[in-house]
Amino acid sequence: MENPEIARMLAETADLMEIAGEDPFRIRSYRNAAAAIENHPERIVDILRDPSRDVTAIPGIGKGLAAALREIAERGSFARRDEMLAKYPPTALELLRIPGVGPKTVRALWEHFRVSTIEDLARLCEEHRIRELRGMGARTEQKILEGIAHYRQVAGRFLLNHAAAVAAELAPLVNGTPAGSLRRGKETVGDLDILSTDPGAIGRFLAHPSVHEVLAHGETKASARFGAEGLQVDVRVIPPESFGAALQYFTGSRQHNVALRQRALKMGFTLNEYGLFTVEGQRRVAGDTEEGVYEALGLAWIPPELRENHGEIEAAERRALPALIEERDIRGDLHMHTRESDGRATLEEMAEAARQRGYAYIAITDHSKALAMANGLDEKRAVAFAAEVRRFNASGRGIEVLSGLECDILRDGRLDLAEDALLELDFVVASVHSYMNLEPAEMTARLLRALESPAVKALGHPTGRVLLHRDAYAYEFETVAKEAARRGVWLEINASPERLDLHAALIRRARELGCRFVISTDAHHPKHLANMRYGVQMARRGWLTASDVVNTMEPGALRAALRRQA
DNA sequence: GCCGTTTTCGGCCCGACTGTTTTCAGTCG
């Protein structure tokens, strides 16, 4: 059993215990243990198997949880979990994912109505029976229905990093290439397409232990759900002479392909997943490589991230596609957290992980005090932290650390910390974490006011969206982007797979308005630094080149740019 | 449940909003 699976088991048990109304501190222990295990570099089952090792050496694992872990390793579950599952059906966990529905509501639904599925809950709301519960009224029924609608809208879609992880496991197994929205770097993925020319691909795919619920199984295509999360994966076997055409076809997008096929017809060709053929005589013109298909259509090869029919075909015809930024252009990461607030590693550990990635610099940007739940820094701690960073840099560790802060933007647009303290720091990214449903005009004014401070160098996760969970907050993006450009405040492209904020369309628009960008992972753990690839992909989808992105600069140039901003 | 003791108990981040209440419970971050 792998660590993420163990972690999920503990977290689900914690959710069920919360529904049961058990001691909140005990529940937190389960959640802490789940987080510790999820992020642990070694397999927990290996540690358990080794008599010279002690699993309680992991912070957050004590005697009780160690016993539970041994039980999980032995039989795939543990007593507390079994007990909880005897009390509440597993479908109750899904109800918790509806915005506005929490553990107390789930418990009341089960005790009063024996309801634990989304379908039944929706019916109760429609029949106005929720109001039979104490403290619930018509407005609550309406809110729950809205929450269910939102949940259904995002159900069945997966975050980019999840699809990428599945692809990384399956593609080598089937000698395949991932296509589809994953290859285009779209922020969420509905299903995963993998193309292969290996006739044995389908057999090996279906034999994988995490493959279940086979939806289709033929000579050239198999379709199945993968893993506990159930991402649908399609594996297709393609004749080698058609591989390029198939890769093009299955990468999409649909709009891009439609435009490409129209172009082919005008040129006397017909394009499908098997190749590019002459209309007269069906003679094969291209198909073994993607480059060949585009070339035969008079186009430069188009990077997958641009294939949305948003002008890329015209640019490819003029040979005027931008030289898109690449991950290797990135020289540092300017947004990350440590244990000082809600991160899980130390300054030293984050810096070392960044150095191993080949970065020249990072900024440590812990939260500010308004985020009390994250143990955010006040002025005194922020200034002390800057001194600590100076000491670190003086010790010569092969990477330059900038002292920074992710400073909360308060409701009225003021910054959470006093300006003189902020000006002691090298890099301040200002972010909204509260009051996210203000009226658009008020939110716009709030952001404009935050941009006024000379201490603010960047605007963090500028729209506040959380993928599959929460929409962007409403404000006049154009107005704010223009002001950011005028003041030289950079817009963050937050590379966390849960956010990917800004998205492509806004990046492109902001660039037209003169903005510059910083791509940042918002890492809370060393392993999150690897999420940079998703931010770069989002920047590519926004047509950015390396010169649009400030953290492609060498350290000296970046320092100079930061001074100019002040 | 874990942890760190002032070492076997007591503390463990908390403030604000919403919808329902008439003093508060539930949810969220």
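All chains are named by letter (A, B, ...) in the order of the sequence lines, taking the proteins before the strands, and each is independently numbered beginning at 1.
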*Asks:* Would a distance-only check, ignoring hydrogens and angles, find a side-chain to backbone donor-acceptor pair under 3.5 Å from A/K104 to A/I19?
*Replies:*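 The answer is no, because no donor-acceptor pair under 3.5 Å joins these two groups.
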*Asks:* For A/I144 and B/dG26, give me the distance from atom CD1 to atom C1', rounded to whole Å.
*Replies:* 11 Å
*Asks:* Would you call A/K87 and A/E83 a salt bridge, taking side-chain N to carboxylate O under 4.0 Å as the test?
*Replies:* no
*Asks:* Return the pairing partner of B/dC12 with a 3.5 Å limit on both distances, Watson-Crick or G-U wobble; otherwise return none.
*Replies:* B/dG1
*Asks:* Pick the closest DNA chain B nucleotide for A/K143 and for A/R80 by heavy atoms, then say which residue is nearer the 5' end.
*Replies:* A/R80
*Asks:* I'd like to know if A/R31 and A/E18 make a salt bridge, using a cut-off of under 4.0 Å between side-chain N and carboxylate O.
*Replies:*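 Result for this pair is yes, salt bridge flagged.
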*Asks:* Contact class for A/R31 vs. all strands (heavy atom < 4.0 Å): base, sugar-phosphate, or nothing?
*Replies:* nothing
*Asks:* Please confirm whether the backbone N or O of A/E38 pairs with a side-chain atom of A/N3, one donor and one acceptor, at under 3.5 Å?
*Replies:* no
*Asks:* Check DNA chain B against residues 2-25 of chain A and give the residues with a non-hydrogen atom under 4.0 Å, in numerical order.
*Replies:*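 A/D23, A/F25 - these, ordered by number, are the residues of the stretch whose heavy atoms sit under 4.0 Å from the strand.
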*Asks:* For nucleotides B/dC2 and B/dT8, find the distance between their C1' atoms and express it as a whole number of Å.
*Replies:*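 Between the two C1' atoms, the distance is 13 Å.
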*Asks:* Mind calculating the distance between CG (A/D54) and P (B/dC2) to the nearest angstrom?
*Replies:* 12 Å
*Asks:* May I ask you to list the residues of residues 121-139 of chain A, by number, that have any heavy atom positioned under 4.0 Å from an atom of DNA chain B?
*Replies:* A/G135, A/M136, A/G137, A/A138, A/R139
*Asks:* Taking only Lys NZ, Arg NE, NH1 and NH2, and the carboxylate oxygens of Asp or Glu, determine whether A/R80 and A/E22 approach each other closer than 4.0 Å.
*Replies:* yes
*Asks:* Rounding to the closest angstrom, what is the interatomic distance between B/dT18 and B/dT23 at atom P?
*Replies:* 22 Å
*Asks:* So with a 6.0 Å cut-off around CD of A/E439, is the heavy-atom count from everything else above 12?
*Replies:*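 Not buried by this count: 12 neighbours or fewer within 6.0 Å.
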*Asks:* Output the single nucleotide from B/dA16, B/dG29, B/dG19 whose closest atom is nearest the side chain of A/T140.
*Replies:*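 Of the candidates, B/dG19 comes closest.
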*Asks:* Report the distance from atom CG of A/L410 to atom P of B/dG15, rounded to the nearest whole Å.
*Replies:*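 Distance check: A/L410 CG to B/dG15 P gives 15 Å.
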*Asks:* Report the distance from atom NE2 of A/H337 to atom C1' of B/dG29, rounded to the nearest whole Å.
*Replies:*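 Result: 14 Å.
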*Asks:* Using a cut-off of 4.0 Å on non-hydrogen atoms, how would the nucleic acid contact of A/H469 be classed: base, sugar-phosphate, or nothing?
*Replies:* sugar-phosphate
*Asks:* Need one value for A/L371: base, sugar-phosphate or nothing, where a base atom within 4.0 Å counts as base even if backbone is also close, heavy atoms only.
*Replies:* nothing
*Asks:* Rounded off to whole Å, could you give me the CG-to-P distance for the A/N375 and B/dG11 pair?
*Replies:* 19 Å
*Asks:* Take atom P in B/dC13 and the same atom in B/dC9, then report the distance between them in whole Å.
*Replies:*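 Roughly 22 Å separates the two P atoms.
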*Asks:* Measure from CZ on A/F78 to P on B/dG1 and round the result to the nearest Å.
*Replies:*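 Rounding to the nearest Å, CZ of A/F78 and P of B/dG1 are 9 Å apart.
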*Asks:* Does a side chain donor of either A/E187 or A/Y534 reach within less than 3.5 Å of an acceptor in the other side chain?
*Replies:* no
*Asks:* For the pair A/T91 (side chain) and A/S116 (backbone), establish whether a donor and an acceptor sit closer than 3.5 Å, ignoring hydrogens and angles.
*Replies:*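 Answer holds: yes.
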*Asks:* Side chain of A/S29: nearest nucleotide among B/dA16, B/dG1, B/dG26?
*Replies:*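 Comparing B/dA16, B/dG1, B/dG26 against the side chain of A/S29, the answer is B/dG1.
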*Asks:* B/dA16 phosphate, OP1 or OP2: any side-chain N/O from A/Y435 under 4.0 angstrom?
*Replies:*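 Looking at the OP1 and OP2 atoms of B/dA16, neither is under 4.0 Å from any side-chain N or O of A/Y435.
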*Asks:* Where the side chain of A/L65 is defined as all heavy atoms beyond and including C-beta, which of B/dT27, B/dG1, B/dG19 is the nearest nucleotide?
*Replies:* B/dG1
*Asks:* Just how far, in rounded Å, is P of B/dT27 from CD of A/E146?
*Replies:* 17 Å
*Asks:* A/S434 near the nucleic acid: base, sugar-phosphate alone, or nothing, with a heavy-atom cut-off under 4.0 Å?
*Replies:* nothing
*Asks:* So that I know where these two stand, are A/H433 and A/H367 an aromatic pair - ring centroids less than 6.0 Å apart?
*Replies:*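 That pair passes the under 6.0 Å test.
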*Asks:* Suppose you measure atom P in B/dG1 against the same atom in B/dT7; what distance do you get, rounded to whole Å?
*Replies:* 25 Å
*Asks:* NA contact type, A/A374, heavy-atom cut-off 4.0 Å: base, sugar-phosphate, or nothing?
*Replies:*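 Since a base atom lies under 4.0 Å of A/A374, the category is base.
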*Asks:* Taking the six-membered ring for Trp and the full ring for Phe, Tyr or His, determine whether the centres of A/Y475 and A/Y473 are under 6.0 Å apart.
*Replies:* yes
*Asks:* Starting from P on B/dG26, measure out to CD on A/E111 and report it in whole angstrom.
*Replies:* 12 Å
*Asks:* Do the side chain of A/D408 and the main chain of A/A370 share a donor and acceptor less than 3.5 angstrom apart?
*Replies:* no
*Asks:* What integer number of Å spans the C1' atoms of B/dC17 and B/dT21?
*Replies:*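 Result for the C1' pair: 15 Å, nearest Å.
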*Asks:* Quote, to the nearest angstrom, the P distance that separates B/dT22 from B/dC12.
*Replies:*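 Nearest-Å result for B/dT22 against B/dC12 at atom P: 33 Å.
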*Asks:* Taking B/dG11 as the reference, what is the distance to B/dA16 when you measure between their P atoms (whole Å, please)?
*Replies:*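 My reading of the P atoms in B/dA16 and B/dG11 gives 24 Å.
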*Asks:* From the set B/dG1, B/dT27, B/dC13, return the single nucleotide nearest to any side-chain atom of A/R28.
*Replies:* B/dC13
